[in-house]
Amino acid sequence: MSSKSSPYRIIAVCTGNICRSPMAELMLAEAFAAAGLADFVVVDSAGTTSYEAGRPIDARAARKLTAHNLASDRHVAREWQPEWYTERHLILALDVDHYGWLRASAPDSETRARIRMLRSFDPALASQDPLDQGIEDPWYGDHSDFASVWDQIQAAVPGIVDFVRSAIAEEIPDEDARLKLRNSQQVRSIS
């Protein structure tokens, strides 16, 4: 789980995989790169439905990402696949309906334990009930709704990076390498 041959795998999940989850995917990938963890972590995304499968990212989400120098032109929406429960170390639900759907469909309690609300890593919401940690779908809104999604995801990014850094460090047998990883570059803001 801690090398290029077996990276720590994260997936962000929303409804159609054209707004929230690809934004989270790209923001997290940038944050892991900035933290020096790009060789250890792979981030992807999916939707709970096939409604948007095969389509590009929503243009408003793309504009928000582009404003922060994050390219999204390669994104193609896809539907969640059941085998990903066992292939991902951390499954991040973007809203409460995704969280409930993922947990209800999970094959066992070990898998359910890997499903978290993305905003559960936001220090301001960490102690809140998952029902209070959702990110509303911006698809029905305007550019300000995509700005809100950016801010909500961004608030959780440092917590996710720290959580994953610790998980990776636990898997490294060499104490010096483990210490080096734990003390690696702190997450810089991608805003």
Side-chain angles (χ1 to χ4, degrees), residues 4 7-35 37-102 105 114-122 133-158 160-161 164 187-191:
K4 285 185 180 181
Y8 189 96
R9 297 185 62 89
I10 301 169
I11 190 164
V13 181
C14 70
T15 304
N17 192 221
I18 60 167
C19 298
R20 294 168 286 181
S21 60
M23 287 180 73
E25 172 188 350
L26 295 168
M27 293 169 72
L28 284 167
E30 171 65 20
F32 284 115
L37 298 172
D39 289 342
F40 298 96
V41 181
V42 173
V43 185
D44 61 354
S45 63
T48 58
T49 69
S50 63
Y51 300 149
E52 304 289 349
R55 295 192 178 155
I57 192 168
D58 183 282
R60 296 163 296 176
R63 277 194 290 277
K64 186 63 183 171
L65 291 164
T66 299
H68 293 277
N69 299 313
L70 296 176
S72 61
D73 55 316
R74 295 179 136 170
H75 178 77
V76 177
R78 61 194 185 141
E79 183 179 9
W80 171 267
Q81 299 300 309
E83 62 268 19
W84 294 341
Y85 278 117
T86 58
E87 296 173 1
R88 301 305 188 274
H89 300 95
L90 181 60
I91 301 167
L92 297 171
L94 275 287
D95 207 351
V96 295
D97 54 334
H98 313 128
Y99 181 74
W101 184 87
L102 287 161
S105 303
R114 286 185 266 155
I115 301 166
R116 300 270 306 266
M117 289 292 291
L118 181 135
R119 291 184 76 201
S120 70
F121 291 95
D122 176 346
Q133 296 172 340
I135 298 177
E136 290 187 23
D137 194 345
W139 191 85
Y140 301 99
D142 60 22
H143 296 290
S144 66
D145 295 290
F146 286 85
S148 293
V149 169
W150 173 276
D151 293 342
Q152 292 170 337
I153 294 169
Q154 181 58 30
V157 165
I160 295 167
V161 172
V164 172
V187 178
R188 68 173 172 78
S189 174
I190 57 172
S191 58

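Residues meeting the side chain to side chain donor-acceptor pair (under 3.5 Å) test with Asp142, sequence neighbours left out: Ser144. For Ser120, the side chain to side chain donor-acceptor pair (under 3.5 Å) partners at least two apart in sequence or on another chain are Arg116. Contacts of Glu136 classified as side-chain contact (heavy atoms from CB on, under 4.5 Å), with partners at least two apart in sequence or in another chain: none. Applying the ring pair (Phe, Tyr, Trp, His ring centres under 6.0 Å) criterion to Phe121, with sequence neighbours excluded, gives Phe163.
Put simply, OG1 on Thr15 and CD on Glu79 are 11.5 Å apart, with the number rounded to the nearest 0.5 Å. In this structure, the separation between CD on Gln154 and CE on Met23 is 10.5 Å, given to the nearest 0.5 Å. If you take CD on Gln133 and CD on Gln152, they are separated by 11.5 Å, rounding to the nearest 0.5 Å.
Exactly one of Ile115, Ile160, Ile153 qualifies for a side-chain contact (heavy atoms from CB on, under 4.5 Å) with Leu92. That residue is Ile160.
Heavy-atom minimum distance, Val76 versus Asn17: O-OD1, 3.9 Å. Between Val43 and Ala29, the shortest heavy-atom contact is CG2-N, 4.3 Å. The shortest heavy-atom contact between Leu65 and Ser72 is CD1-CB, 3.8 Å. In plain terms, the two heavy atoms of Ser45 and His75 that are nearest each other are OG-CE1, 3.6 Å. Residue Ala38 comes nearest to Ala33 through the heavy atom pair CB-CA, 3.9 Å, listed as atom of the first residue, atom of the second, then distance. In this structure, Ala71 and Leu26 approach most closely via the heavy-atom pair O-CD1, 3.7 Å.
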Atom pairs and distances, donor-acceptor, side-chain atoms in residues 51-62, under 3.5 Å, two or more places apart:
unit_1	atom_1	unit_2	atom_2	d
Glu52	OE1	Arg55	NH1	2.9
Asp58	OD1	Arg60	N	2.8
Asp58	OD1	Arg60	NE	3.0
Asp58	OD2	Arg60	NH2	2.9
Arg60	NH1	Trp139	O	3.2
Arg60	NH1	Gly141	O	2.8
Arg60	NH2	Trp139	O	3.0

message = For a side chain to side chain contact (heavy atoms under 4.5 Å, CB included) check, start with the C-alpha distance between Tyr8 and Leu90, then their side-chain angles and the critical distance, and finish with the verdict.
response = CA-CA 8 Å; Tyr8 189 96; Leu90 181 60; 3.7 Å; yes
task = Starting from the C-alpha separation in whole Å, work towards a yes-or-no answer on side chain to side chain contact (heavy atoms under 4.5 Å, CB included) for Val13 and Trp84.
result = CA-CA 11 Å; Val13 181; Trp84 294 341; over 6 Å; no
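In this structure the side chain of Leu102 reaches within 4.5 angstrom of the side chain of Tyr85, judged on heavy atoms. Between Phe40 and Val164, the closest side-chain pair of non-hydrogen atoms is not below 4.5 Å. For the pair Ile135/Met117, no side-chain contact is recorded, criterion being any heavy-atom separation below 4.5 Å from C-beta on. Looking only at side-chain heavy atoms (C-beta outward), Ile10 and His89 stay at 4.5 Å or farther from each other. Between His98 and Ser21, every side-chain heavy-atom pair lies at or beyond the 4.5 Å cut-off. Between Val149 and Lys64, every side-chain heavy-atom pair lies at or beyond the 4.5 Å cut-off. A heavy-atom distance below 4.5 Å is found between the side chains of Met27 and Trp150. Asp44 is listed as a side-chain neighbour of Arg88, based on a closest heavy-atom distance under 4.5 Å.
Residue pairs meeting the salt bridge (charged side-chain N to carboxylate O under 4.0 Å, His left out) criterion with at least one member in residues 15-26, sequence neighbours excluded: Arg20-Asp95, Arg20-Asp137.
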